[in-house]
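Protein chains get the first letters and strands the later ones, always in sequence-line order, with residue 1 at the start of each. Here the structure is a predicted model, which means the values were calculated and not measured.
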2 protein chains.
Amino acid sequence: MKISTKGRYGLTIMISLAKHYGEGPIPLRKIAAEYDLSEAYLEQLVGPLRNSGLVKSVRGAYGGYMLTRGPKEISAGDVIKVLEGPIQPVEGIEDEAQPQRELWIRIRDAVKNVLETTSIDDLANQKDDNNENYMFYI
Amino acid sequence: MKISTKGRYGLTIMISLAKHYGEGPIPLRKIAAEYDLSEAYLEQLVGPLRNSGLVKSVRGAYGGYMLTRGPKEISAGDVIKVLEGPIQPVEGIEDEAQPQRELWIRIRDAVKNVLETTSIDDLANQKDDNNENYMFYI
DNA sequence: TCCATTCCCGACAAATATGCTATACTATTT
DNA sequence: AAATAGTATAGCATATTTGTCGGGAATGGA
């Protein structure tokens with residue numbers, strides 16, 4: 001049970017955009033350099049973020065990405081959902097009454113609650129530091 | 001962010017043992033048949049459970065596995081931790097003050113709380129049914 | 001107009017994880 | 001001794017993860 005770099009880097013992008021909110025488009029090159037990540041990989045991750053409407057892009061020189069809403073209006077769950085898949089299982093959990101059902105629901109709801117009540121703005125205003133490359137195991 | 005069959009089948013084993021608690025050793029063959037799972041695969045999963053002291057084995061004819069403690073004294077977290085990896089990240093989260101740090105801690109604590117307050121006995125006394133093979137996405 | 005910058009798109013690939021199967025044991029009970 | 005059952009290890013097909021690479025297309029500035 002883990003959150004992969006996909007979700008983590010995705011949050012990194014969103015947090016960086018939140019920090020520069022209102023400053024116009026921010027290029028991925030800058031974010032990649034700032035956090036020492038692969039720009040090409042970030043490009044892959046930002047695709048879904050754009051398609052889901054969390055960020056918008058400006059092409060060309062001096063282009064980049066920017067949040068479509070204020071950092072307070074975007075939750076960590078919005079980002080994780082797009083990059084790591086749905087928080088709620090697509091099928092099975094509602095109709096199947098397996099013994100573990102109650103446990104999965106409890107866990108899902110607990111995680112959901114945290115993800116939905118934590119905004120990108122909250123995270124952007126944490127103390128900043130470098131971005132380690134380890135996998136986070138829950 | 002998902003829980004794989006490893007953790008799910010592991011819980012299935014533990015729940016089955018909880019249901020037959022006090023009846024002596026239960027062979028994996030029986031559990032595998034009851035839930036229509038591969039016995040050989042369950043054998044792989046029960047290894048870590050034995051090594052971590054959650055179950056003990058009795059070899060030979062009429063042998064099998066049994067819980068080392070009462071079902072109320074074993075939490076879902078005990079099982080998940082063994083099969084899916086540590087709930088707490090091994091390194092990094094404490095000393096690295098990355099922006100997401102607070103979020104990971106909040107999620108970890110929320111999940112941890114659910115896993116630790118839900119006992120195997122709780123799950124064994126849920127309404128029983130078959131065990132679907134889908135992946136559970138959080 | 002040309003060019004550097006930047007987003008956009010799709011293919012590919014190495015590494016790891018998942019979900020098993022198979023084999024060959026060893027230990028214990030009857 | 002034979003049957004039952006656990007133990008250990010290896011292999012393997014598939015999927016996912018974590019990227020890389022190459023080529024476009026749009027844009028702004030010189």
Side-chain angles (χ1 to χ4, degrees), chain A residues 1-13 16-17 20 24-33 35-52 54-66 68 80 82-86 131-138, chain B residues 1-13 17 24-33 35-52 54-66 68 80 83-85 131-138:
Chain A
M1 188 176 179
K2 65 207 171 190
I3 295 176
S4 69
T5 57
K6 236 151 80 175
R8 298 187 3 86
Y9 293 176
L11 274 176
T12 297
I13 292 172
S16 181
L17 294 182
H20 298 291
I26 309 295
L28 281 190
R29 178 179 302 272
K30 237 178 147 176
I31 299 176
Y35 294 94
D36 195 30
L37 300 174
S38 152
E39 185 188 344
Y41 188 40
L42 292 189
E43 271 178 1
Q44 251 185 73
L45 304 182
V46 88
L49 294 177
R50 177 175 31 81
N51 290 336
S52 66
L54 290 176
V55 305
K56 62 185 166 190
S57 61
V58 177
R59 298 170 80 138
Y62 296 91
Y65 293 92
M66 47 214 292
T68 51
I80 295 294
V82 166
L83 292 170
E84 301 269 349
N131 228 326
E132 274 302 311
N133 208 2
Y134 66 90
M135 292 288 266
F136 180 84
Y137 286 92
I138 291 182
Chain B
M1 187 174 177
K2 64 205 171 190
I3 295 176
S4 68
T5 57
K6 238 151 80 174
R8 297 186 4 84
Y9 293 177
L11 274 176
T12 297
I13 293 172
L17 294 182
I26 309 294
L28 282 189
R29 178 179 302 270
K30 234 179 149 175
I31 299 176
Y35 294 94
D36 195 30
L37 302 173
S38 151
E39 184 188 344
Y41 188 42
L42 292 189
E43 273 177 2
Q44 258 184 65
L45 305 183
V46 87
L49 294 177
R50 180 175 30 81
N51 291 336
S52 66
L54 290 176
V55 304
K56 61 185 166 188
S57 60
V58 177
R59 300 171 82 136
Y62 295 93
Y65 292 92
M66 47 214 292
T68 53
I80 295 294
L83 291 171
E84 299 271 349
N131 228 326
E132 274 305 307
N133 208 2
Y134 65 91
M135 294 288 267
F136 179 83
Y137 287 90
I138 291 183

Which nucleotide in the set [options] lies at the smallest distance from any side-chain heavy atom of [X]?
X        : options                   : answer
Glu43(A) : dA25(D), dA27(C), dC9(C)  : dC9(C)
Arg59(B) : dT21(C), dT26(C), dT27(D) : dT26(C)
Ala61(A) : dC7(C), dT20(D), dT27(D)  : dT27(D)

According to a strict under-4.0 Å criterion, is [X] in side-chain N/O contact with OP1 or OP2 of [N]?
X        : N       : result
Arg50(A) : dC8(C)  : yes
Lys6(B)  : dT18(C) : yes
Ser38(B) : dG19(C) : no
Ser4(B)  : dG19(C) : yes
Ser57(A) : dC7(C)  : no
Arg29(A) : dT6(C)  : yes
Tyr9(A)  : dT18(D) : no

Exercise. So which one's nearest nucleotide on DNA chain C is more toward 5', Glu39(B) or Glu39(A)?
Worked result: Glu39(A)
For this session: For Tyr65(A) and for Tyr62(B), locate the closest nucleotide of DNA chain C by heavy-atom distance; then report the residue assigned to the nucleotide nearer the 5' terminus.
Result: Tyr65(A)
For this session: Give a yes or no on whether Asp36(A) atom CG has more than 12 heavy-atom contacts from other residues, nucleotides or ligands under 6.0 Å away.
Result: no
Output the rounded distance in Å from [atom1] ([X]) to [atom2] ([N]).
X        : N       : atom1 : atom2 : result
Tyr41(B) : dT7(D)  : OH    : P     : 18 Å
Lys56(A) : dC8(C)  : NZ    : P     : 13 Å
Ile26(A) : dT5(C)  : CD1   : P     : 17 Å
Leu42(B) : dG19(C) : CG    : P     : 13 Å
Glu84(B) : dG19(C) : CD    : P     : 9 Å
Arg8(B)  : dG19(C) : CZ    : P     : 9 Å
Asn51(A) : dC9(C)  : CG    : C1'   : 11 Å
Ile13(B) : dG6(D)  : CD1   : P     : 11 Å

Over all strands shown, is [X] touching base, sugar-phosphate only, or nothing at heavy-atom distances under 4.0 angstrom?
X        : value
Val46(A) : nothing
Gly63(A) : sugar-phosphate
Gly47(B) : nothing

Exercise. When only distance counts, do a donor and an acceptor, one from the side chain of Gln44(B) and one from the base of dT21(C), lie under 3.5 Å apart?
Worked result: yes
Exercise. Quick check: does any side chain N or O of Thr68(A) sit under 3.5 Å from a backbone N or O of Leu54(A), one acting as donor and the other as acceptor?
Worked result: yes
Problem set entry | Test item: Glu84(A) side-chain N/O and Ser4(A) main-chain N/O as donor-acceptor pair under 3.5 Å | yes
For this session: Answer yes or no: is there a side-chain heavy-atom contact under 4.5 Å between Leu45(B) and Tyr41(B)?
Result: yes
For this session: Supply the atom-to-atom distance Tyr65(A) OH to Arg50(A) CZ, rounded to the nearest 0.5 angstrom.
Result: 5.5 Å
Exercise. For the atom pair CG (Leu28(A)) and CD (Glu43(A)), what is the distance rounded to the nearest 0.5 Å?
Worked result: 6.0 Å
